[in-house]
Amino acid sequence: MKSIAQFPPNPGLVSSPSPLLTPLSVHRRQQLSLGLIGPGRVGAALLQQLRKNQLRLAERFGVELKLYGVITSKKMWACETDGMQYWHSGNEGHPADLETFENHMRGKGAHVMLIDCTASDVIADYYEGWMRSGIHIVTPNKLAGSGSLDRWQRIQLAGNSAQFRQEAAVCAGLPVVQTLRDLIDTGDELLSIEGIFSGTLAWLCHHYDGSCSFSALLRDAHALAYTEPDPREDLSGMDVARKLVILAREAGLSISLTDVQVQNLVPACLGEVSTETFFSNMEALDVMMGQRLAEARAQGGVLRHVGRIDAEGHGRVGLCVLPLEHALARTSATDNVIQFDTRRYRENPMKIQGPGAGPEVTAAGIFADLLRIASTLRVE
Ligand SMILES: NC(=O)c1ccc[n+]([C@@H]2O[C@H](COP(=O)([O-])OP(=O)(O)OC[C@H]3O[C@@H](n4cnc5c(N)ncnc54)[C@H](OP(=O)(O)O)[C@@H]3O)[C@@H](O)[C@H]2O)c1
């Protein structure tokens, strides 16, 4: 096995272990060994939250979270004792090697978890193997949950050996996946899921009132960092389609992205051009968007970007005209709103609303998944 860089002490961070474990938590001590893949915006926010709560979780609940490794696409770091309070991205590190990293993590106790905070399909390919060897996976990465159905089904089967959770992949910290699981597990019957899954498109639709062109508004949204660096990623609707597929699969439906009909708001002439060319020709969006706004007005409604999937797994993503009294019409600027229509919640569908992106809230969704898994683990 190759040697791996150790975490040098980080003088700015707390380093003493807790002297204050309560008798109960000492008795019920549970160790979860963590490896983080991708300490980017979300991964770094998660590490901060873990650091801040590590002591409290150990003292109050006997849950000992220990960080044994961090890896990016280029570098990796590892340690033989907990490095949670020591690791920082300025540390030297060694060239990344996923196999060495995995072997290092494998020897780190009875309960090992890898947290994938990348958007990498290559990493998602490893989940099944890791799970078969007993390693739990938590991730905000959408690619396993919405990628090839065959891979997803193999991950599901590997669930006999280890757990997989992906709450943060759908609406960051909003408890959408867990709520759906609870509805189904308690015998409710899903009729449809409908919602505003893109904060960017929610903001654009909310502010698009005809007082300025859609392209001008899109420039503003980009300047405010509400869009992806290339706004076509938001406008394509594919991110929303992926979220629908994840939810449908969590509800037990065997569907793929091809089962979702997606309206791409990017005009064909701007689909393949460079980002710079797209920015200098964004006015090509204005005619179609102007027509849709006029239609909405003529019908006395508002324009919203909506994703919907029914109980048979037929999905649709695109612009809709909604009546003013519709729950999805009355949203605040960048919120996600997800509505579950089920047999029990038929008269008044259940709604979950709030910010659906941002490193802090996404990290909190990952943290909650981590704790859900920790709460099911056998005490050592
Ligand atoms: N940001 C949000 O608000 C939000 C909300 C919901 C879900 N998510 C999801 O959360 C994930 C992370 O988002 P982010 O905003 O934190 O992205 P980010 O800032 O770009 O960070 C991605 C991290 O992944 C690492 N990485 C990429 N490929 C890798 C590979 N093959 N092996 C190991 N590490 C690799 C990158 O390191 P190097 O570049 O150094 O390789 C970087 O540390 C994504 O799946 C995203 O869709 C994000």
Side-chain angles (χ1 to χ4, degrees), residues 4-5 34-50 67 69-78 87-102 104-105 114-127 130 137-147 164-177 195-203 221 224-230 233-234 236 238-247 334-336 338 352 354-370:
I4 310 182
L34 306 175
L36 173 67
I37 308 170
R41 283 165 297 187
V42 170
L46 176 66
L47 275 178
Q48 254 186 18
Q49 293 177 11
L50 290 170
L67 181 73
V70 177
I71 185 166
T72 70
S73 64
K74 299 170 205 79
K75 291 209 265 178
M76 65 184 176
W77 300 262
W87 188 84
H88 60 101
S89 54
N91 292 348
E92 187 90 344
H94 275 219
D97 180 296
L98 212 48
E99 208 172 300
T100 309
F101 186 77
E102 176 190 339
H104 165 76
M105 288 304 303
L114 291 179
I115 305 169
D116 172 19
C117 289
T118 74
S120 163
D121 207 39
V122 173
I123 301 291
D125 273 340
Y126 281 89
Y127 293 172
W130 290 339
I137 308 290
V138 169
T139 186
N141 183 348
K142 294 173 196 66
L143 296 184
S146 65
F164 172 83
R165 283 189 169 267
Q166 54 176 349
E167 179 67 79
V170 178
C171 293
L174 299 181
V176 175
V177 174
I196 293 181
F197 290 89
S198 162
T200 310
L201 287 158
W203 188 91
L224 290 164
Y226 288 164
T227 69
E228 292 293 328
D230 185 333
E233 286 184 37
D234 301 298
S236 75
M238 286 311 291
D239 193 60
V240 174
R242 287 192 179 280
K243 293 174 179 179
L244 286 182
V245 171
I246 291 173
L247 288 177
T334 54
D335 274 359
N336 283 187
I338 311 315
I352 299 173
E360 280 278 315
V361 290
T362 307
I366 300 167
F367 199 171
D369 267 353
L370 180 160

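Counting convention: from 1, in listed order, for ligands and their atoms alike. Heavy-atom basis, side chains included; hydrogens, waters and symmetry copies ignored.
Using modelled atom types, one side-chain atom of Asp369 and one backbone atom of Glu167 make a donor-acceptor pair closer than 3.5 Å. Of the possible donor and acceptor atoms, one in the side chain of Lys75 sits under 3.5 Å from a partner among the backbone N and O of Glu92.
Between Leu247 and Val176 there is a side-chain heavy-atom pair separated by less than 4.5 Å.
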Check ligand 1 for N or O atoms under 3.5 Å from a protein N or O and list each pair with its distance.
residue	atom	partner	partner atom	Å
ligand 1	3 (O)	Gly358	N	2.7
ligand 1	15 (O)	Arg41	NE	3.2
ligand 1	15 (O)	Arg41	NH2	3.1
ligand 1	16 (O)	Arg41	N	3.2
ligand 1	16 (O)	Val42	N	2.8
ligand 1	19 (O)	Arg41	N	3.0
ligand 1	19 (O)	Arg41	NE	3.1
ligand 1	34 (N)	Ser73	N	3.2
ligand 1	40 (O)	Lys74	NZ	3.3
ligand 1	41 (O)	Ser73	N	2.9
ligand 1	41 (O)	Ser73	OG	2.2
ligand 1	43 (O)	Pro39	N	3.3
ligand 1	43 (O)	Gly40	N	3.1
ligand 1	45 (O)	Thr118	O	2.7
ligand 1	47 (O)	Lys142	NZ	3.4

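Closest of all the heavy-atom pairs between Ala168 and Pro140 is CB-CB, 3.8 Å.
For Asp335, the salt bridge (charged side-chain N to carboxylate O under 4.0 Å, His left out) criterion is met by no residue, not counting sequence neighbours.
The aromatic rings of Tyr127 and Trp130 lie tilted to each other, with the angle between the two planes from 30° to 60°.
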